[in-house]
Amino acid sequence: MEAMVGGPPSPVFTPSLSPDPADSLDRVRAILAPLDRAQKSELFELVRAGHLENAQMTTEVGRLIVAMLNGPRTEHARRVWTGWFDPVLLRTDALILAEARLPACLHVLDAGAWWFALLPHLGDLPGQVQTDIAQRASERPLDVVLGSSAAGHWAEELRVRSLAVLRRRSGLGALLAAANAERDALLRKRGIRGALPLTFGDLATLDSMLEHAPLWKAAARPRDNASAVRLVSGMVERSGLPDGGLLYALTQLNASRDADQALAFHTLFPSSPVLESSIGHLQFAWQALRQKLEDIHLGRSAPPQLTAGETAERLLERAFRWYDALQGLGIGRGDRNWALVSMAVGRVTGLVEAEVIPAINHRLLTLSLSASPVVLTERVRFINRFNQGLARRGIATSPSPWSAAVGEHIAGLFRQVAADEHEDALPSLARLCELAEEVGHPVEVTVIDKTLLAIVEAALREGRELDAGESRLIERVVAVSTEERRKCRWWVSDELVSLLDAAQQRGIGAAPG
């Protein structure tokens, strides 16, 4: 097939045909296989418009492209029904592991479970939808069919029928049990464990979403908080009621988990649902941090879906951001909801003080020269940041968690390395100095240590690029040496003079007086 997509399309496609139509289609299939979805869609429109030279092949090639575009997707009725939720579905797995269900939280697995639970109660309607969509999809790309007026009609029929089922006075317990059974199976396939079951509150959420779904049917995901506020404001204005816009806002908050977005939505809805959702997000942020710390420091594996590879530093930043945002939402000490906030933060601070810090202290005291101190430095630095963040927010913390014994042990390692003038000594010394500074017990640097002076001088004269830690150590050694020369003006050691000369050549330290 000539004239692939990429420039102005050729008015005619001329596949090389063999006498056997099946063989010709196989050759066309091989040509089409490398093309992406957009290219196949454009080719389909060209074929439909009659741009094949061989009219006999137009129908067959069109059907081939449709089959390649549609693939194995067959649950058309389900897709028509779940289309109502596309703008509000939660597709990442983190929140499904929250220790408390958040308002307006509808995960893609939840939607699938609700569909299978409703299916027996919808009569022959799903079968009619399935047959009609499948017939239309045999001639057109499924995406085009699902966007057609016919699919829109079927979607509305399914929505109305589902609402009728949900609003019956009886049978809701059985419906909820069926949804949870289906959901459990879907969770197992996805490898998710520990998710809370669906509740009658989730059943009410489904009812509300189906009720208000026409408001957001064609809504695109907002790009930023400003566009999210404009979109929600428009929904409220069109409907004349805040409920639908509020529901949509809460779903976007679940998708973003952005405290700034909560503050933005609170200007539109200074109501309890936004506050309730914000408290839930704070609880989840501190839960994720707590379980990440347990995973890193204590070997208690956290579900990978919980943090999706986010670092402890990123989780800490989000946890504090939610804490700060709640102050902006008017939730502070003395508020009736403050106990929930205090408990979430307290579980993390209790874990850090009772288990994480002792575990790090043990590793510090058993650090050997054969192990790199870099990882320990990062862990100590994280705890220091954590405690500083608590202190800035008026949350009481214990005194410095790093004992004098830790400082003495690191200093001992430093002296062992400094006693041996080997080529890797300076990087090792710099890393140990960084660790000592982080634990609040800096290593003492003196000019008495002639080997240390020699190590520093050698690095200066090599002219190699120094990293930040090495530069800081060298500056300390040069500063101490400069002070020693100032105090002992009439006599200093040759090693010290040589070091300061090398430092001057690298532009480090003050010029001789």
Side-chain angles (χ1 to χ4, degrees), residues 90-105 107 192 194-196 221-226 228-229 249-266 273-298 300-332 337-338 340-352 356 378-379 381-395 397:
L90 193 61
R91 289 181 166 80
T92 55
D93 294 339
L95 279 184
I96 210 167
L97 292 166
E99 293 172 338
R101 293 283 287 179
L102 278 83
C105 193
H107 192 273
I192 299 175
L196 292 175
R221 293 272 184 179
R223 296 185 305 276
D224 51 42
N225 291 341
V229 169
L250 295 178
T251 66
Q252 300 312 296
L253 192 53
N254 290 337
S256 71
R257 291 187 282 150
D258 181 356
D260 290 334
Q261 191 175 82
L263 292 169
F265 284 143
H266 189 248
V274 173
L275 297 179
E276 180 187 352
S277 178
S278 297
I279 291 170
H281 280 286
L282 175 137
Q283 290 174 304
F284 179 72
W286 287 85
Q287 171 198 339
L289 175 61
R290 185 184 77 244
Q291 293 188 244
K292 183 74 170 184
L293 295 179
E294 289 177 337
D295 192 347
I296 292 172
H297 298 284
L298 307 174
R300 301 173 195 158
S301 297
Q305 300 91 345
L306 183 71
T307 58
E310 288 188 297
T311 64
E313 288 75 13
R314 178 71 184 96
L315 296 173
L316 178 64
E317 178 186 338
R318 182 181 292 131
F320 276 138
R321 184 68 194 100
W322 273 109
Y323 185 91
D324 295 340
L326 285 184
Q327 317 297 306
L329 295 173
I331 300 176
N337 292 309
W338 185 253
L340 297 173
V341 176
S342 181
M343 183 181 299
V345 177
R347 291 185 68 183
V348 179
T349 56
L351 173 77
V352 168
V356 174
E378 286 304 314
R379 294 184 177 183
R381 187 173 289 146
F382 175 87
I383 297 300
N384 290 342
R385 285 198 210 105
F386 175 72
N387 284 337
Q388 290 160 8
L390 293 176
R392 283 197 300 272
R393 291 162 177 85
I395 303 172
T397 59

(message) Please report the interatomic distance CG(Leu298) to CG(Leu351), rounded to the nearest 0.5 Å.
(response) 6.0 Å
(request) Drop me the distance from Ile96's CD1 to Leu306's CG, to the nearest 0.5 angstrom. (result) 12.0 Å
(request) Quick one: closest heavy-atom pair of Pro273 and Leu250, and the distance? (result) O-CD2, 3.9 Å
(request) Flag yes if more than 12 heavy atoms outside Arg91 fall under 6.0 Å of its CZ atom; otherwise flag no. (result) yes
(message) Taking the side chain as everything from C-beta on, heavy atoms only, tell me whether Gln305 gets closer than 4.5 Å to Leu97.
(response) yes
(request) May I ask you to test the Arg314-Thr311 pair for a side-chain heavy-atom distance under 4.5 Å? (result) yes
(request) Decide, yes or no, whether a salt bridge links Arg385 with Glu317 under the criterion of side-chain N to carboxylate O below 4.0 Å. (result) no
(request) Take Gln291 and Thr307 through the test side-chain contact (heavy atoms from CB on, under 4.5 Å) and record every step on the way to the result. (result) CA-CA 9 Å; Gln291 293 188 244; Thr307 58; over 6 Å; no
(message) I'd like to check Trp322 versus Ile279 (side-chain heavy atoms, cut-off strictly below 4.5 Å). Are they in contact?
(response) no
(request) Drop me the distance from Gln283's CD to Met343's CE, to the nearest 0.5 angstrom. (result) 8.5 Å
(message) Please determine whether a side-chain nitrogen of the Lys or Arg among Arg318 and Asp258 lies less than 4.0 Å from a carboxylate oxygen of the Asp or Glu.
(response) no
(request) Considering non-hydrogen atoms only, spot the tightest contact between Leu253 and Ala262 and give its length. (result) CD1-N, 3.7 Å
(request) Please tell me if the side chains of Pro303 and Ile192 come closer than 4.5 Å, counting only heavy atoms from C-beta onward. (result) no
(request) Let me see the working for His107 and Leu95 under side-chain contact (heavy atoms from CB on, under 4.5 Å), right down to the final yes or no. (result) CA-CA 9 Å; His107 192 273; Leu95 279 184; over 6 Å; no
(message) Looking at every non-hydrogen atom in both residues, tell me the closest pair between Leu289 and Ala312 and how far apart they are.
(response) CD1-O, 3.9 Å
(message) Apply side-chain contact (heavy atoms from CB on, under 4.5 Å) to residues His281 and Leu102 and explain how you reach the verdict.
(response) CA-CA 8 Å; His281 280 286; Leu102 278 83; 3.1 Å; yes
(message) Do Gln388 and Arg392 have side chains that approach each other closer than 4.5 Å (heavy atoms only, starting at C-beta)?
(response) yes
(message) Keeping Thr92 on the side-chain end and Ala94 on the backbone end, is there a donor-acceptor pair under 3.5 Å?
(response) no
(request) Indicate yes or no for a side-chain donor-acceptor contact from Lys292 to the backbone of Leu316 under 3.5 Å, with no hydrogens or angles considered. (result) no
(message) Quick one, Arg221 and Gln252 - any side-chain contact, counting heavy atoms below 4.5 Å?
(response) yes
(message) Just so I know, are the side chains of Leu293 and Phe382 near enough to count as touching, which here means a heavy-atom distance under 4.5 Å?
(response) yes
(request) Can you measure from CZ (Arg290) to CG (Asp295) and round to the nearest 0.5 angstrom? (result) 13.0 Å
(message) Angle between ring planes, Trp286 versus Tyr323, binned at 30° and 60°: parallel, tilted or perpendicular?
(response) perpendicular
(message) In the structure I gave you, are the side-chain heavy atoms of Asp224 and Gln261 within less than 4.5 Å of one another anywhere?
(response) no
(message) Which heavy atom of Phe386 sits nearest to which heavy atom of Thr349, and what is that distance?
(response) CZ-CG2, 3.7 Å
(request) Would you name the heavy atoms of Leu90 and Ala255 that are closest together and state the gap between them? (result) CD1-CA, 3.7 Å
(request) Would you kindly check if the NZ (Lys) or CZ (Arg) of Arg257 is within the cone defined by 45 degrees around the ring axis of Phe284 and under 6.0 Å from the six-membered ring centre? (result) no
(message) I'd like to know if Arg393 and Asp324 make a salt bridge, using a cut-off of under 4.0 Å between side-chain N and carboxylate O.
(response) yes
(request) Please lay out, stage by stage, how Asn254 and Ser277 fare under the test side-chain contact (heavy atoms from CB on, under 4.5 Å). (result) CA-CA 8 Å; Asn254 290 337; Ser277 178; 4.3 Å; yes
(request) Of all the heavy-atom pairs spanning Leu326 and Ser278, show the shortest one and how long it is. (result) CD2-CB, 3.7 Å
(message) To the nearest 0.5 Å, what is the distance between CD on Gln287 and CG on Leu315?
(response) 11.0 Å
